[in-house]
Amino acid sequence: MKHNDFITIGVIIAPHGVRGDLRIMPQTDFPDRFMHMDVCYIDGKEYHITSARFHKQFVLATFKEIPNRNAAELMAKKEIQVRREDLVELPEGRYYIFDMIGLEVHDTNGNVLGTLTDVLQPGANDVYVVSQDGEPDQLFAAIEDVVLDIDMDKRIMVVNPPEWV
């Protein structure tokens, strides 16, 4: 498998307890997936989750291949990944951020404004960062009045910039 076939859904923070459990910080909008998934990948190697539960903002998970705390200590700071085909299916019109990065952004007149390089998540709504060489970054709120269309096949986003841009 290629590296981009794996998508990170969490990061191992540290061991938890003495039996080899791992404390995982979820990096997904669907942390419940840890409760029912069987297989994940760490450093490209397949691991099997035997149990998982929530503890505060973390997931505590036990893996078949990690029998004790000594083995668990070696896993700190590693990413928990799944195959792209195992991602939670999103509703129509919703996209994963990593799929959106690189979209060419146009205004309503067809002018190229730049490339979507980042998505900020400050709270109320996402903010799209559009970059173009030699120009300051432009920020667009990810709301219906601003983002008019996203065509993932053509890799184009059409925005209606506010008049002050």
Side-chain angles (χ1 to χ4, degrees), residues 1-106 114-131 140 142-144 147 149-159:
M1 278 190 197
K2 296 179 286 195
H3 175 71
N4 61 358
D5 289 339
F6 293 110
I7 309 302
T8 299
I9 62 166
V11 174
I12 299 168
I13 302 301
H16 183 84
V18 296
R19 292 177 291 176
D21 291 353
L22 296 175
R23 187 176 327 135
I24 301 166
M25 174 61 75
Q27 292 188 332
T28 172
D29 288 340
F30 309 101
D32 288 348
R33 70 177 302 143
F34 284 97
M35 302 307 130
H36 55 78
M37 62 189 263
D38 297 326
V39 175
C40 66
Y41 296 85
I42 303 171
D43 290 339
K45 182 181 173 200
E46 188 173 283
Y47 284 79
H48 299 86
I49 297 175
T50 56
S51 69
R53 65 189 186 285
F54 286 108
H55 177 70
K56 300 180 182 175
Q57 77 268 29
F58 301 105
V59 171
L60 302 180
T62 304
F63 292 81
K64 178 179 166 186
E65 295 81 4
I66 303 173
N68 55 46
R69 183 174 177 95
N70 291 338
E73 286 176 354
L74 300 174
M75 306 305 283
K77 309 286 189 268
K78 294 184 184 264
E79 295 179 349
I80 302 286
Q81 298 180 314
V82 295
R83 294 175 301 183
R84 179 177 276 280
E85 59 265 22
D86 293 333
L87 289 173
V88 174
E89 192 170 327
L90 297 176
E92 177 118 11
R94 302 277 315 254
Y95 308 99
Y96 283 105
I97 291 172
F98 56 82
D99 283 333
M100 294 179 67
I101 299 298
L103 290 177
E104 189 173 81
V105 180
H106 296 234
T115 302
L116 181 69
T117 56
D118 198 4
V119 178
L120 308 176
Q121 297 181 299
N125 53 266
D126 291 352
V127 176
Y128 296 146
V129 179
V130 178
S131 302
F140 297 101
I143 58 175
E144 287 181 18
V147 179
D149 186 44
I150 296 175
D151 187 328
M152 293 302 280
D153 293 329
K154 293 181 182 176
R155 305 283 304 148
I156 293 174
M157 175 188 294
V158 178
V159 296

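- Between Ile42 and the options Lys78, Gln81, Glu79, Glu65, a side chain to side chain contact (heavy atoms under 4.5 Å, CB included) holds for only Lys78.
- Nearest approach of Ala142 to Asn125, heavy atoms of both residues: N-ND2, 3.8 Å.
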What donor-acceptor contacts under 3.5 angstrom involve side-chain atoms of residues 13-23, with partners at least two apart or in another chain?
residue	atom	partner	partner atom	Å
Asp21	OD1	Thr62	OG1	2.6

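- Using modelled atom types and a 3.5 Å distance limit, the side chains of Glu104 and Thr115 yield no donor-acceptor pair.
- Using a 4.5 Å heavy-atom cutoff, the side chains of Tyr96 and Arg84 are not in contact.
- Under the 4.5 Å side-chain criterion, counting only non-hydrogen atoms from C-beta, Ile80 is in contact with Phe34.
- Contact annotation: the side chain of Met157 approaches that of Ile150 to within less than 4.5 Å [non-hydrogen atoms, C-beta and beyond].
- Note on residues 29-42: no pairs pass salt bridge (Lys or Arg N to Asp or Glu O under 4.0 Å), not counting sequence neighbours.
- Note that CZ of Arg83 is 7.5 Å distant from CD of Glu46, once rounded to the nearest 0.5 Å.
- Summarising the local packing, CD of Gln57 is surrounded by more than 12 heavy atoms from other residues, nucleotides or ligands at distances under 6.0 Å.
- The line from CG of Asp118 to CG of Asp126 is 10.5 Å long, rounded to the nearest 0.5 Å.
- The shortest distance between side-chain heavy atoms of Glu85 and Asp5 does not fall below 4.5 Å.
- Of the listed residues (Asp99, Thr28, Val82), just one forms a side chain to side chain contact (heavy atoms under 4.5 Å, CB included) with Leu87, and that residue is Val82.
- Ring planes of Phe6 and Tyr41: tilted class, angle from 30 to 60°.
- Counting only distance, with no hydrogens or angles, the side chain of Asn68 and the backbone of Asn70 share a donor-acceptor pair below 3.5 Å.
- Taking both residues in full, the closest heavy atoms of Pro122 and Val127 are given as CG-CG2, 4.0 Å, listed atom of the first, atom of the second, then distance.
- Nearest heavy atom pair, residue Ala52 against residue Ile49, reads CB-CG2, 4.3 Å.
- Shown here for Ile24 and Ala61, the closest heavy-atom pair between the two residues is CD1-CB, 3.9 Å.
- Between the CZ atom in Phe63 and the NE2 atom in His48 there is a gap of 11.0 Å [rounded to 0.5 Å].
- Residues Met37 and Asp86 are not in side-chain contact: their nearest non-hydrogen atoms beyond the backbone lie 4.5 Å or more apart.
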